[in-house]
There are 2 protein chains.
Amino acid sequence: MAFTIGELGKATGTKVETIRYYERIGLLAKPERTSGNYRSYGKAELGRLSFIRRARDLGFPLDQVRALLSLSDDRTRDCATVDALARDHLAEVERKIVDLTALRSELSALLDSCEGGTVGDCRIIEALAPPATSGETL
Amino acid sequence: MAFTIGELGKATGTKVETIRYYERIGLLAKPERTSGNYRSYGKAELGRLSFIRRARDLGFPLDQVRALLSLSDDRTRDCATVDALARDHLAEVERKIVDLTALRSELSALLDSCEGGTVGDCRIIEALAPPATSGETL
DNA sequence: CTTGACCCTGTAGTTCCTACAGGGTGCATA
DNA sequence: TATGCACCCTGTAGGAACTACAGGGTCAAG
Ligand SMILES: [Zn+2]
Ligand SMILES: [Zn+2]
Ligand SMILES: [Zn+2]
Ligand SMILES: [Zn+2]
């Protein structure tokens with residue numbers, strides 16, 4: 001029924017240092033200690049850390065995880081805030097996908113255009129170098 | 001013909017602090033100084049900083065930018081190394097797109113499944129909470 | 001001559017961990 | 001009992017790529 005920090009880590013896929021870090025920043029409460037000053041965790045902490053990890057896996061940053069945790073405490077409240085948080089995060093993920101997709105096109109166009117040869121002829125370098133105002137070496 | 005740091009920043013879309021940062025980490029050489037100890041830049045620095053910025057905009061991390069810069073110096077060399085760098089980076093971008101796309105599906109499925117109501121019924125919270133081993137509040 | 005925009009240095013903060021260094025603790029084994 | 005060894009403790013620093021002060025100088029205009 002009681003875990004050491006290492007066991008809690010194994011159970012949740014979290015490194016020991018990360019758990020201590022979460023404690024330091026107040027995301028996890030300070031747990032009880034054994035006589036030998038080891039942290040001692042129970043089911044409640046396991047649940048809380050699992051929650052945190054799943055939210056992190058979904059890409060929520062820690063401050064949003066914090067918000068989700070405190071929202072989830074009051075089960076009678078309207079879930080609109082939770083949903084808004086998730087919607088915001090989804091929008092952010094979508095923005096990143098758009099950005100990266102544009103990047104991918106640029107990069108692959110660059111790669112397609114390079115035909116090998118010397119750096120002097122490489123289209124990738126050429127694309128990076130500033131527009132030739134007059135013909136001299138960088 | 002000579003720019004202040006602010007002018008160089010405006011010309012390249014770079015914050016002044018970022019330029020000083022690049023200098024500190026050796027990505028830009030220490031420029032000349034005016035009598036009043038202001039940094040003074042010329043065309044060459046403008047070109048180099050533009051190169052850096054474009055590479056950054058394409059998502060290359062600074063150490064790869066550094067590598068690209070030093071590769072671009074020797075224009076007679078084979079461009080295979082440049083191309084390999086770009087290919088690696090493209091692969092990385094593609095990995096991120098895959099990850100984010102999976103994330104997007106998960107998030108939007110979650111959002112679709114929530115029908116409003118209280119936090120107690122919210123599917124988003126439910127999906128984050130650990131599998132109910134017995135029915136108690138977190 | 002004063003105001004304001006700009007510049008200088010140096011340091012600390014951001015995000016989310018991760019990695020030591022320099023110690024204790026707990027359990028098995030020889 | 002001594003000795004490993006795996007694990008735990010605290011506290012601090014690093015890493016990526018900036019960003020933001022604080023506490024000053026400099027320069028051009030009015
Ligand atoms: Zn987000
Ligand atoms: Zn090439
Ligand atoms: Zn990359
Ligand atoms: Zn909901």
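Chain letters run A, B, ... following the sequence lines, proteins first, then strands; residues in each count from 1.
Regarding contacts with the backbone of dC18(D), a side-chain N or O of Arg56(B) is found under 4.0 angstrom from either OP1 or OP2. Put simply, Arg39(B) has no side-chain N or O that comes within less than 4.0 Å of OP1 or OP2 on dT26(D). The phosphate of dA17(D) has neither OP1 nor OP2 within less than 4.0 Å of any side-chain N or O from Arg53(B). The shortest distance between the side-chain N/O atoms of Thr4(A) and the OP1/OP2 oxygens of dC8(D) is below 4.0 Å. Residue Thr18(A) places at least one side-chain N or O under 4.0 Å from the OP1 or OP2 atom of dT18(C). OP1 or OP2 of dT9(C) has not a single side-chain nitrogen or oxygen of Arg20(B) nearer than 4.0 Å.
Across all their heavy atoms, His89(A) and Phe60(A) have their closest contact at NE2-N, 3.5 Å. Nearest heavy-atom pair across Asp83(A) and Cys114(B) is OD2-SG, 2.7 Å.
Against DNA chain D, the stretch residues 21-31 of chain A makes no heavy-atom approach under 4.0 Å.
Between the CZ atom of Arg33(A) and the C1' atom of dC9(D) there is a distance of 7 Å, rounded to whole Å. Here dG26(C) presents its C1' atom at 13 Å from CD of Glu7(A), a figure rounded to the nearest Å. Distance, Ile5(B) CD1 to dA5(C) P: 19 Å, rounded to whole Å. Taking atom CG of Asn37(A) as the reference point, atom P of dG11(D) lies 11 Å away to the nearest angstrom. Atom pair Leu49(A):CG and dC16(C):C1' shows a separation of 15 Å (rounding to whole Å applied). Following rounding to the nearest Å, Glu17(A) (CD) and dG11(D) (P) show an atom-to-atom distance of 15 Å. The distance from atom CD1 of Ile19(A) to atom P of dC17(C) is 12 Å, rounded to the nearest whole Å. Rounded to an integer number of Å, the gap from Lys15(A) NZ to dC20(C) P is 11 Å.
Although no hydrogens or angles enter the test, the distance criterion places a donor-acceptor pair under 3.5 Å between the side chain of Glu7(A) and the main chain of Thr4(A). Checking side-chain atoms of Glu106(A) against main-chain N and O of Leu103(A) turns up no donor-acceptor pair under 3.5 Å. Remark: side-chain polar atoms of Arg123(B) are not paired, donor with acceptor, to backbone N or O of Asp112(B) under 3.5 angstrom.
Take the nearest nucleotide of DNA chain D for Tyr38(B) and for Leu62(B): the residue whose nucleotide is more 5' is Leu62(B).
For the side chain to side chain donor-acceptor pair (under 3.5 Å) with Arg39(B), the lone residue among Glu45(B), Glu23(B), Glu32(B) that qualifies is Glu23(B).
Side-chain atoms of Thr12(A) and Leu46(A), non-hydrogen and from C-beta on, do get closer than 4.5 Å to each other.
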